[in-house]
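Inspection log for the structure reproduced underneath, given as structure tokens.
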Amino acid sequence: MTNSFKYLLIILFLNTCSSDFDNSFEANSLITPNFTFSNHLIDCNLKENSNLLNLESFLSNLVKDKFYKDNNFSLRAYFPKTDYVDKFILDIQNHSYDDIFSSFINDLSIQGFDEVASCNFNTPKLDGLSLFDNNGKDEQLLITTEILSCSYNDGYNFGTFKLAVDRFLNEMSSLKIPYKALYLQNQNSSDKFIWINNFYSDDYSNEITNLWINTNEAKEIKDEFLENAQCIKSDIYNSYAIN
């Protein structure tokens, strides 16, 4: 075999491997989330002359308004797990094709929300889907919510991440722990996402630790997650559905 022929075989082999890699990467890039709702997370601060009782009263009356009965969306409030609470997040989840966010802000103002709290309404619109839902309890009950702000590592995307996600959700399903996971993605930034964990058990941390977190499967899935993405911020809240 001549040297030139050897080099030709090497070039063909490298080109084939490169082609397979490119095709695999492109195929993963084509796997996108099947979004089922849109979402806004709104950071708010209580006014100095207001308190949580004022806010609770306002929100209870707010959802009785015609605007909330005529539109297909849900509203949830997140309060930090701290002794003193002066900040919260409003989560508006829209299940229709109509863009109701501007109307929602307008209705808040009409109902006098400006007297209770100030909010940053300049928030990006997020596309969302429910990854897993095994709550087993009434959505209106108090739940613990963890919100993680994450970004994909270079060369990774939802397509590559989905394998690890599916393994994780299969494990959670087998544990039968009341739990729900949501995936939110900025419409203008597909390299960033928000992962929301909802736990419906007061003892969820011990349940996960005792049943799963120290297993080899859990460690492998954690490594897969870290290979795909990094979560730079994680906050824990008491969460309430506003109905």
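All heavy atoms count here, side chains included; hydrogens, waters and symmetry mates do not. These numbers were taken from a predicted model, which means no experiment stands behind them. Sequential numbering from 1 along the given sequence is applied to the chain's residues.
A ring-ring contact (aromatic ring centres under 6.0 Å, His included) with Phe158 is found for exactly one of Tyr152, Tyr183, Phe193, namely Tyr183.
To the nearest 0.5 Å, atom CG of residue Asp107 and atom CG of residue Leu62 are 6.0 Å apart. The CG atom of Asp191 sits 10.5 Å away from atom CG of Asn153, with the distance rounded to the nearest 0.5 Å. Atom CG of Asn198 sits about 12.0 Å away from atom CZ of Phe132, to the nearest 0.5 Å. Considering CG of Leu59 and CD of Gln111, their distance stands at 11.5 Å, rounded to 0.5 Å. Atoms NE2 and CG, from His40 and Asp91 in turn, are 10.5 Å apart once rounded to the nearest 0.5 Å. A distance of 11.0 Å separates CZ of Phe101 from CG of Asn94, quoted to the nearest 0.5 Å.
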Determine, stepwise, if the pair Ser190 / Gln185 fulfils side-chain hydrogen bond (donor to acceptor under 3.5 Å, both in side chains). CA-CA 6 Å; Ser190 60; Gln185 185 173 288; 5.1 Å; no
Residues Ile143, Lys180; criterion side-chain contact (heavy atoms from CB on, under 4.5 Å); working and verdict: CA-CA 10 Å; Ile143 64 176; Lys180 182 176 183 178; over 6 Å; no
If you apply the rule side-chain contact (heavy atoms from CB on, under 4.5 Å), what do you find for Leu55 with Phe113, and how did you get there? CA-CA 9 Å; Leu55 177 63; Phe113 188 63; 3.9 Å; yes
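The main-chain N or O of Leu169 is never found under 3.5 Å from a side-chain atom of Ser173 such that the two would form a donor-acceptor pair. A donor-acceptor contact shorter than 3.5 Å is absent between the side chain of Asn170 and the backbone of Arg167. Counting only distance, with no hydrogens or angles, the side chain of Ser109 and the backbone of Asn106 share no donor-acceptor pair below 3.5 Å. A donor-acceptor pair is defined here as one N or O able to donate and one able to accept, closer than 3.5 Å; such a pair exists between the side chain of Lys47 and the backbone of Asp114. Using a distance-only test at 3.5 Å, with no hydrogens or angles considered, no donor-acceptor pair links the side chain of Ser57 to the main chain of Asn54. Distance alone, capped at 3.5 Å, is enough to place a donor-acceptor pair between the Thr123 side chain and the Leu41 backbone.
Using a 4.5 Å heavy-atom threshold, the side chains of Phe104 and Asn71 count as separate. Residues Phe225 and Trp195 meet the side-chain proximity criterion, which asks for heavy atoms closer than 4.5 Å. Between Lys81 and Thr144 the shortest side-chain heavy-atom distance falls below 4.5 Å.
Following chains of ILVMFWY side-chain contacts shorter than 4.5 Å, one cannot reach Leu148 starting from Ile196, and the two form parts of different hydrophobic clusters. Under the 4.5 Å side-chain contact rule for hydrophobic residues, Val63 and Ile100 share a cluster. Two different hydrophobic clusters hold Leu226 and Tyr156 under the rule that ILVMFWY side chains link at heavy-atom gaps under 4.5 Å. Clustering ILVMFWY residues whenever any of their side-chain heavy atoms sit less than 4.5 angstrom apart, transitively, puts Phe58 in the very cluster that holds Ile92. There is no path of hydrophobic side-chain contacts, each under 4.5 Å, that joins Ile89 to Tyr240.
Here Asp223 does not pair with Lys219 in a salt bridge; the nearest charged N to carboxylate O distance is not below 4.0 Å.
The neighbour count for Asn34 CG, taken as heavy atoms of other residues, nucleotides or ligands under 6.0 Å away, does not exceed 12.
Here the two rings, on Phe67 and Phe73, have centers that are under 6.0 Å apart. Under the 6.0 Å cut-off for aromatic ring centres, Tyr179 and Phe199 qualify, their centroids lying closer than that.
The two residues Ser130 and Thr36 have their closest heavy-atom pair at N-OG1, 4.4 Å. Pro80 and Val85 make their closest contact through O-CG2, 3.6 Å (heavy atoms, listed as atom of the first residue, atom of the second, distance). The shortest heavy-atom contact between Ile221 and Ala164 is CG2-O, 4.1 Å.
Between Phe37 and His95, the two ring planes are tilted [angle within 30° to 60°].
For Ser50 and Glu115, the side-chain atoms include no donor-acceptor pair closer than 3.5 Å.
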